[in-house]
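This report concerns only the one structure given below.
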Number of protein chains: 2
Amino acid sequence: MTIAPLAATTTASVLAQRLREAIDAGRWQPGELLRQEQIAAEYGVSRIPVREALAQLQSEGLLEIAHYRGARVSRPQAAEIDELFDLRLLVESDLLTRAFSRHDQRSLRELTRLQDRLEDADDRLGWISGDIAFHEALYGPAERPRSLALFRQLRAPIDRFSAQALGPRARKQGWADEHRQLIAAVAVGDAAAVQKILEQHLQATRAVVLAACSGEGDD
Amino acid sequence: MTIAPLAATTTASVLAQRLREAIDAGRWQPGELLRQEQIAAEYGVSRIPVREALAQLQSEGLLEIAHYRGARVSRPQAAEIDELFDLRLLVESDLLTRAFSRHDQRSLRELTRLQDRLEDADDRLGWISGDIAFHEALYGPAERPRSLALFRQLRAPIDRFSAQALGPRARKQGWADEHRQLIAAVAVGDAAAVQKILEQHLQATRAVVLAACSGEGDD
DNA sequence: CACAGGATAATTGTATCCAAAAATTGCTGC
DNA sequence: GCAGCAATTTTTGGATACAATTATCCTGTG
């Protein structure tokens, strides 16, 4: 028998997740105002949980909220994106180093399964969430909850642009190839290769995201 | 004549700052519940800004909020503290490397001034905020706003225990010595020494904090 | 016609009130 | 005396109502 899923969830957190996806999907352009009343009406709730969700997204760096002046989608400068990728490199290298020797048959199969599912996803949001799941499984054996949370946090302001860049099929293929190479390198225990592939993966992503980011901010 | 300081501040953010200090000062023990009504009455506001402040402190890792069950001061496990220090080492080493060659006469004087003021502070909270100011000035020339924000974030759950550890005068002196050494090493341009001192500084702090953290959780 | 000034509207921040969930108390039966 | 259960109390989450601030529009003046 199954346990009821125990809805230990608040309206605000559900809203936050929905808004996160909506922002990644490009529903609001950078700089555009998110009206509390409008969002509240749309989801059939009052403004209180909306405000809490917006505050949450602000702390994640997706929004900028000015006193009495509303919340708008943040428009990160190229330098900021660059800095985020540098930090990702630091944190993810560390995570992967620690996870590397702890992977086993089961975790590698899980990685392959996640990658299969990822490549099956046809919409952009599915790719993004699948990519997050893949990397979390890749870093999971490190058993570093705080670093993993940081990984998610560092991605959040970036994924919006990654989703945009998923248009060309070539990029998807390159992305998938790198993931497969990562699995293979972990499987054969080649530590140096693992690090090198991860760095290439992140550098390639950085280039694409920077292009998407600077190509959009034109108003 | 002076311009009014433009209170671009919300009740919730002021509350959050006050509560942060109160937690660092040890007003609530780890695991202890923070009652919304009580805090609201104490500061003469309604529960709405109190809830927003609590949510903010949760996102900083100072509180754990359970659905319908209240907010309590988080009690980080030793492993988590350890992980936070590892991350601090990664981020702060990177920041200091980048800031290193950008320091000049003026910034070094500023560092000395901050350190003087720090050592004058007689209360624990003054030390903590002074220490934060010192490190921010030390990393400031790197011009890495995101990393600096991350530095603050990684400290937040730790400072509570640092404040406790400030009891023995010996620790204060050692702390101050390491700061002076850092300034000196930056001044003479000894990159290797700078990194080594920073690492010692953080490792020493880690040991003290771990002791304070594990010595307290005894209920 | 550009622009300053002020009334008006729109929007956010906070207080008050109600509903839902959890903790507590007290009763009942054994 | 105590385990189990139900009513009560307490506390949190959310909705509605009001206050404070900002944005908009209109008008008059140079």
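All values reported here derive from a predicted model rather than from experimental measurement.
Under the 4.0 Å criterion applied to side-chain N and carboxylate O atoms, B/Asp86 and A/Arg146 are not assigned as salt-bridge partners. Look at A/Glu110 and A/Arg113 and you find a salt bridge, because one of the NZ, NE, NH1 or NH2 atoms lies within 4.0 Å of a carboxylate O, short of that distance. B/Arg144 and B/Glu136 are not joined by a salt bridge, as no carboxylate oxygen comes within less than 4.0 angstrom of a charged side-chain nitrogen.
The CG atom of B/Leu15 sits 15 Å away from the P atom of C/dG13 (whole-angstrom rounding). Distance CD1 (A/Ile65) to P (D/dT22): 16 Å, rounded to an integer number of Å. As a whole-Å value, the separation of B/Glu37 CD from C/dA15 P is 12 Å.
Counting heavy-atom neighbours within 6.0 Å of A/Arg117 CZ, excluding the residue itself, gives a total of 12 or less.
Within the 3.5 Å criterion, the main-chain N or O of A/Glu64 finds no donor-acceptor partner in the side chain of A/Ser74.
A/Thr11 has no side-chain polar atom (N or O) that falls below the 4.0 Å cut-off from OP1 or OP2 of D/dG13.
The stretch residues 39-57 of chain B touches DNA chain D through B/Arg47, B/Ile48, B/Arg51, each having a heavy atom under 4.0 angstrom from the strand.
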Close N/O contacts between protein and nucleotides 8-11 of chain C (under 3.5 Å):
from, atom 1, to, atom 2, distance (Å)
C/dT11, O3', A/Arg35, NH1, 3.1

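Here the shortest heavy-atom pairing between B/Arg155 and B/Ile128 reads NH2-O, 4.2 Å.
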Query raised in the report: Please walk me through it: do A/Glu52 and A/Gln56 pass side chain to side chain donor-acceptor pair (under 3.5 Å)?
Result: CA-CA 6 Å; A/Glu52 296 185 358; A/Gln56 174 66 27; over 6 Å; no

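Between B/Phe85 and B/Leu154, every side-chain heavy-atom pair lies at or beyond the 4.5 Å cut-off.
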